[in-house]
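Sequence positions, counted from 1, serve as the residue numbers for this chain. In this text the structure is predicted, and so the values were computed from the model without any measurement.
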Amino acid sequence: MQTFRLIAMTACFLGIVITIFNSLYPSEKFSKQVKIIFSLIFILSIAKPFAAGRITLPEIGETVYASSDYYSSLNDNAYDYFIRSVESNISASLEAKLNEKNIYPEEIQTSINISDSSSISINEVIITIKDMNVSSQVIECITEATEGEAKVTVKEFKDEGNA
């Protein structure tokens, strides 16, 4: 970081010096030669830290590999978020269907699969209820809502806070 700061300060200083000397040279006759000399001095002052080995640039392959890992992890995170969102939305929709029949589940967990053709299928629905007497109604309602596509499991809610 210190080296980059030194390069920036040198570039600014040389820019000011070049501007001053451009206004001071005697005639247009030498303007091209003076500009070439100042340009070479400017380039050499910027290139000196690289030539001395104080600054090394990463290999292009390493940079591409690192950025591909970063974007790959972003893609995986986005895909996982998408899956969780869809599962949550399906669970909320199934809960609304059960609520229409006056069945109020404690929890609904949905597991989905997205095929290569981007179609979503529901693998499994796990429903936790307090009253197991309505389990057959729950299974019937969920099977109807998922068109028999999903495996439906009904579990009894165990209140662990009163144990």
Separation between CD of Glu87 and CZ of Phe82, rounded to the nearest 0.5 Å: 10.5 Å
When hydrophobic residues are tied together by side-chain contacts of less than 4.5 Å, even through go-betweens, does Val154 share a cluster with Phe157? no
Side-chain atoms of residues 100-110: list all donor-acceptor pairs with protein atoms under 3.5 Å, sequence neighbours left out, distances to 0.1 Å.
residue	atom	partner	partner atom	Å
Asn102	OD1	Tyr104	OH	3.4
Glu107	OE2	Gln109	NE2	3.1
Thr110	OG1	Ser91	OG	2.6

In Å and rounded to the nearest 0.5 Å, what is the SG to CG distance from Cys141 to Leu94? 8.0 Å
Stepwise side-chain contact (heavy atoms from CB on, under 4.5 Å) test for Asn113 and Ile120: CA-CA 6 Å; Asn113 184 34; Ile120 297 173; over 6 Å; no
4.5 Å side-chain heavy-atom contact, Ile112 and Ile90: yes
State whether the side chain of Ser88 and the backbone N or O of Arg84 hold a donor-acceptor pair below 3.5 Å, judged by distance alone. no
Under a single-linkage definition using a 4.5 Å side-chain heavy-atom cutoff for Ile, Leu, Val, Met, Phe, Trp and Tyr, are Ile83 and Val86 assigned to the same hydrophobic cluster? yes
Using the side-chain contact (heavy atoms from CB on, under 4.5 Å) rule, take Val138 and Glu140 through it: C-alpha gap first, then chi angles, then the decisive distance, then the call. CA-CA 5 Å; Val138 168; Glu140 181 182 314; over 6 Å; no
From Glu149 atom CD to Asn123 atom CG, the distance as rounded to the nearest 0.5 Å: 8.0 Å
Would you check if the side chain of Thr146 reaches a backbone N or O of Ile142 as a donor-acceptor pair within less than 3.5 Å? yes
Would you be so kind as to tabulate the donor-acceptor pairs closer than 3.5 Å made by side chains of residues 127-135, with sequence neighbours excluded?
residue	atom	partner	partner atom	Å
Asp131	OD1	Asn133	N	3.1
Asp131	OD1	Asn133	ND2	3.1
Ser135	OG	Met132	O	3.0

Min side-chain heavy-atom separation Val125-Thr153 under 4.5 Å: no
